[in-house]
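Reading through the structure tokens given below for one structure.
This chain uses plain numbering: 1 for the first residue, then up along the sequence. Heavy-atom basis, side chains included; hydrogens, waters and symmetry copies ignored.
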Amino acid sequence: MTKRSTQTDSQDRGRFSARRKAEAVVRLLRGEDLDSLSRELGVTAATLSSWRDGFLDGGTAALEGRPADGRDELVARLQAEVGQLTMDRQPLGMRCRHLEGGRPFASGEAEHLSRSASPSTGKRYGMQRACRIFGLARATADDLKAREAVPPEQRPAPGKRGPAGAATDEGLVVHIRRVPAESPFTGEGYRKAWARLRPQGIRAASGRVRRLMRGHHLRAPRRGGHARGPKAHDGTITAEEPDALWGTDRTTTVTTGEGAVHVFVAVDHRTCECVGQHAAKRGDRLEALGPLRQGVRGHFGGFGAGVARGLATRHDHGSNYLGDDLRREPALLGMASAPGFVREPGGDGRAERFIRTPKGQLLWVRTFAPVAELVEALGEFERTYDERWQIGRHGHRPPSQVRREFSGSVPAAA
């Protein structure tokens, strides 16, 4: 594992002018290390790569024989707008004739118009355009079309759906209003009202009682909250092999010399191995990349474009992990983003569970004055944890042994 280091607040952080970007790209083209230059300037490797690509694309565009004309985009946009206005003109004229004649617009006319083509553009109007111009809902047009397809003699007679109830809706509402007035309790819902009506010989479906109570504002008041649907996953977050899914998260601690400090971790979901830890005063998205960079260097042998292809990162929905930098830099390294499920904190359970261990074994039992002392202690704890901490789900074996056994079993299985 590589040694941990903190990033101090750089004086050059902030907005970069075009000249500073060009100087950074020239240094990158001359062979300087991408990771080192990223740390020095305080920007991500993905940002430097995008500057380099833009620099090269701009040079290519400058060497083209025909200079780019800014009017081409305007002409294309105006042509598209004219085509849309031309296609809307004929249906609008048809609607005006209907309004002048006092005739309603039929769904069959919408179907006919949607299949016809515009004489100016040669394109079909489509049902969506016809319904939009004539103010007709698409679902209504489809329903009317399905009804007209049935012969008149086969159409069912209009009436109430389902079997006849114990009373009409108006009569049932009268009985429902009497239930809370006679009951000694308050706050009873439609289920209690339905149950109290049955002994009186008024047998109505509970859904009907609920509908009438909702329509007449007779429901019991309830506390508002977020509805929770079915679980987004089955609770399994274990990967099939090492370096296929890493979980990353953040916690905070306090030092006696520099105050609050942010601690970022990254854990392998297969072996429960800590692949990286990073501590810094700043808790921004650049510092959140620290443990991922350490893990890539330690387990993929380098740091560059595509070196970690096939690896996914599991994180929560915090602002540090949803920014563009936390999306672009892992993408540059070949890593895919696998955010946790909404309202399912267990999806990031590996990193959450690991954080409990350094808290109880290190952060809550020792004090640290400078951040550098904390970084050194985290590095020593990581090595001890990977080699000696017993994982119950692995038969009380340490994470490093699980990785070695898995690596040794791959050739045998092949």
Side-chain angles (χ1 to χ4, degrees), residues 2 4-78 80 246 248 264 266 276 278 280-313 315 318-339:
T2 57
R4 278 52 183 171
S5 62
T6 58
Q7 292 186 354
T8 58
D9 295 341
S10 174
Q11 299 296 330
D12 296 333
R13 287 184 175 179
R15 297 177 60 89
F16 280 75
S17 62
R19 179 177 179 182
R20 293 182 64 192
K21 293 179 181 179
E23 293 175 354
V25 171
V26 170
R27 293 176 60 184
L28 194 62
L29 294 176
R30 288 177 177 175
E32 293 194 22
D33 182 63
L34 178 63
D35 185 23
S36 301
L37 186 59
S38 170
R39 291 176 175 276
E40 177 183 344
L41 299 180
V43 297
T44 64
T47 302
L48 287 176
S49 299
S50 65
W51 291 354
R52 178 183 59 191
D53 296 340
F55 185 86
L56 297 176
D57 293 342
T60 304
L63 297 177
E64 292 181 354
R66 178 180 177 275
D69 192 353
R71 295 174 298 176
D72 295 342
E73 181 180 356
L74 177 61
V75 170
R77 182 171 58 83
L78 292 177
W246 289 356
T248 181
F264 299 89
H278 180 63
K281 281 285 296 179
R282 297 170 60 94
D284 55 13
R285 80 268 187 242
L286 295 176
E287 307 295 346
L289 289 170
L292 297 179
R293 288 179 170 179
Q294 296 170 11
V296 169
R297 287 185 177 275
H299 293 278
F300 291 92
F303 185 89
V307 298
R309 196 173 307 279
L311 172 64
T313 57
H315 54 79
S319 58
N320 287 341
Y321 297 105
L322 295 181
D324 290 339
D325 292 331
L326 262 297
R327 176 181 55 84
R328 297 169 58 193
E329 175 141 328
L332 174 69
L333 299 174
M335 302 162 61
S337 176

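Salt bridge annotation for Arg27-Glu23: absent, with no cationic side-chain nitrogen under 4.0 angstrom from a carboxylate oxygen.
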Subject >> Residue pair Glu329, Ser49: steps toward the side chain to side chain contact (heavy atoms under 4.5 Å, CB included) verdict >> reply: CA-CA 9 Å; Glu329 175 141 328; Ser49 299; over 6 Å; no
Original post:
Between Leu289 and Arg293, does a side chain to side chain contact (heavy atoms under 4.5 Å, CB included) hold up when you go through it step by step?
Top reply: CA-CA 6 Å; Leu289 289 170; Arg293 288 179 170 179; 4.3 Å; yes
Original post:
Passes side-chain hydrogen bond (donor to acceptor under 3.5 Å, both in side chains), Thr44 versus Arg328? Steps please.
Top reply: CA-CA 9 Å; Thr44 64; Arg328 297 169 58 193; 5.8 Å; no
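Across Ala24 and Leu37, no two heavy atoms sit closer than the pair O-CD2, 3.6 Å. Leu28 and Glu32 make their closest contact through CD1-O, 3.8 Å (heavy atoms, listed as atom of the first residue, atom of the second, distance). For Gly276 against Gln294, the heavy-atom pair with the smallest separation is CA-OE1, 3.5 Å. Shortest non-hydrogen contact noted between His315 and Thr313 is CD2-O, 3.8 Å. The shortest heavy-atom contact between Phe303 and Asp35 is CD2-CB, 3.6 Å.
Looking at Asp53, its side chain never comes within 3.5 Å of a backbone N or O of Leu56 through a donor-acceptor pair.
Trp246 contributes atom CH2, which lies 5.5 Å from atom CG of Leu311 (distance to the nearest 0.5 angstrom). Leu292 contributes atom CG, which lies 5.0 Å from atom OG1 of Thr248 (distance to the nearest 0.5 angstrom).
Partners of Ser17 according to the side chain to side chain donor-acceptor pair (under 3.5 Å) rule, which considers only residues two or more places apart in sequence or in another chain, do not exist here.
With Leu332 as the partner, the side-chain contact (heavy atoms from CB on, under 4.5 Å) test is satisfied by one option alone out of Val307, Leu34, Thr47, Leu48: Leu34.
Taking the side chain as every heavy atom from C-beta outward, Phe55 and Leu29 approach each other to under 4.5 Å. No side-chain heavy atom of Leu333 sits under 4.5 Å from any side-chain heavy atom of Arg309.
Under the 30°/60° scheme for interplanar angles, the aromatic rings of Phe16 and Trp51 are found to be tilted.
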